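Data first, discussion second: the structure below is written as structure tokens.
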Amino acid sequence: MIDEPLHLLNSIDTALATWTARHGLPRFRSQQVRSWLFKRRTTCWEDMTDLPKPLRVASAAELPLWTTEIARHTQADDGTEKLLLNLTAGGQIECVLLRSRVRRTICISTQVGCGMGCVFCASGLDGVDRNLTTGEIVEQMLRLQLLLGAEERLSHVVVMGMGEPLANLDALLPALDEAHRSDGLDISARRITISTVGLPRSIDRLAREKATYRLAISLHAPNDALRNELVPVNDRIGLAAIIQSADDYFEVSGRRITYEYVLLAGVNDQPQHARELAKLLAGREALVNVIPYNPVVGLPYRRPDLERQAEFRHLLEEAGVRVRFRHRKGDRIDAACGQLRRSQALTQIE
Ligand code: SAH
């Protein structure tokens, strides 16, 4: 059997245990490597100067740190930075760093493409190619952390990049462990949010196994007829089952559920939609996160004008719903999910 090179980030504890055993090293060597990766933000074995030189050279050959390459790095005036990564195993993914006062939020992907087919979204236009590995998810976090200045620190993780996180929980959960662990990125679980199209069985699994993260449900419509059109997988799930699972998750986790609502002009932004949405969520410990649509080249959807947005907000608030409008960050660098990869693909075609 060929000895596959281990990807360190895929299963850090296991890889480092194998590494220490192979070289007859004491256990503290593993902690040194962890510290270099997560705290001291190193990019290569060579820089881990408290390891003996021959060990660094041998390790670089047998235990590569990175399996992606940066295909494109874009920056916006508001501090948003976006990476388009080429995966050694094939495909491209995107991840984003957002700056807002002291917050440093990273947005990460979980799949190459997406299988959910939401009609307004760039990520799912060509379906899903594959799930990302744990290592590829951890790697996005580390690469984004490398963009920070020495005085900056990652504070939040949102799993809202390309892909459906709950369709890849097996790889995602160990990656989020690394985000949360004190010898990892040391980010508090309540500052880690998983955004899902709403897959009840996976929400239930999360409630059983790891109800510590915040959950955001991409609702986008207040009734099944409209949701079936915008979010095709809804057809075999239905709003009632999703909200039931979300209620259960809230019960177990004690964390308020966020409902995301992409506002599409003339589609789901009418007064009756706001009223119906308020009714659907009445009595729940919920926050509605309204996201004015980020137009995608080639798709027919538009962002409603500011007046319509304000009216939608007013109707929800009047009905007692807690509302937050997501600020437009990184528009000019195609920061909405899947857009950078798509614009790159389009440029290549042209
Ligand atoms: N699959 C997951 C997470 C990825 S998408 C989910 O559905 O939640 C993260 C959020 O961005 C979702 O609410 C998604 O509907 C929204 N979104 C996708 N494309 C968008 C666009 N062009 N403009 C604004 N929001 C978008």
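The residues of the chain are indexed from 1 along the displayed sequence. Here the structure is a predicted model, which means the values were calculated and not measured. Numbering of ligands and ligand atoms starts at 1, following listing order. All heavy atoms count here, side chains included; hydrogens, waters and symmetry mates do not.
For ligand 1, the atoms sitting less than 4.0 Å from at least one non-hydrogen atom of Val197 are 6 (C), 7 (O), 8 (O), numbered in the order shown with element in parentheses. Under a 4.0 Å criterion applied to the non-hydrogen atoms of Cys121, ligand 1 contributes the atoms 18 (C), 19 (N). For ligand 1, the atoms lying closer than 4.0 Å to a non-hydrogen atom of Ser218 are 6 (C), 7 (O), 8 (O), 12 (C), 13 (O). The contact set between ligand 1 and Thr196, taken as ligand atoms under 4.0 Å from a residue heavy atom, comprises 6 (C), 7 (O), 8 (O). Contact atoms of ligand 1 toward His220: 13 (O), 14 (C), 15 (O) (distance under 4.0 Å to a heavy atom of the residue). Residue-ligand proximity, Val296 to ligand 1, at heavy-atom distances under 4.0 Å covers atoms 22 (N).
Heavy atoms of Gly161 come nearer than 4.0 angstrom to ligand 1 in at least one pair. In this structure, Glu164 is part of the shell of residues with a heavy atom less than 4.0 angstrom from ligand 1. The shell of residues lying under 4.0 angstrom from ligand 1, judged by heavy atoms, includes Gly163.
Under 4.0 Å is where a charged nitrogen must lie from a carboxylate oxygen, and between Asp50 and Arg29 no such pair does. A salt bridge is defined here as a Lys NZ or Arg NE, NH1 or NH2 lying under 4.0 Å from an Asp or Glu carboxylate O, and Glu81 with Arg99 meets this definition.
For the residue pair Ser245 and Asp204, a side-chain donor N or O sits within less than 3.5 Å of a side-chain acceptor on the partner. Looking at Gln309 and His314, their side chains never bring a donor and an acceptor atom within 3.5 Å of each other. Using modelled atom types, one finds no donor on one side chain facing an acceptor on the other under 3.5 Å when comparing Arg27 with Thr20.
In terms of the salt bridge (Lys or Arg N to Asp or Glu O under 4.0 Å) criterion, residue partners of Arg56 (sequence neighbours excluded) are, by chain and number, Glu46. With sequence neighbours excluded, the residues satisfying side chain to side chain contact (heavy atoms under 4.5 Å, CB included) with Asp235 are Asn228.
Of the heavy atoms in Val262, only side-chain atoms (C-beta onward) come closer than 4.0 Å to ligand 1.
For atom 20 (C) of ligand 1, the nearest non-hydrogen atom from the set Tyr301, Tyr259, Phe120 comes from Phe120.
Between the CG atom in Asn10 and the CD atom in Glu139 there is a gap of 10.0 Å [rounded to 0.5 Å].
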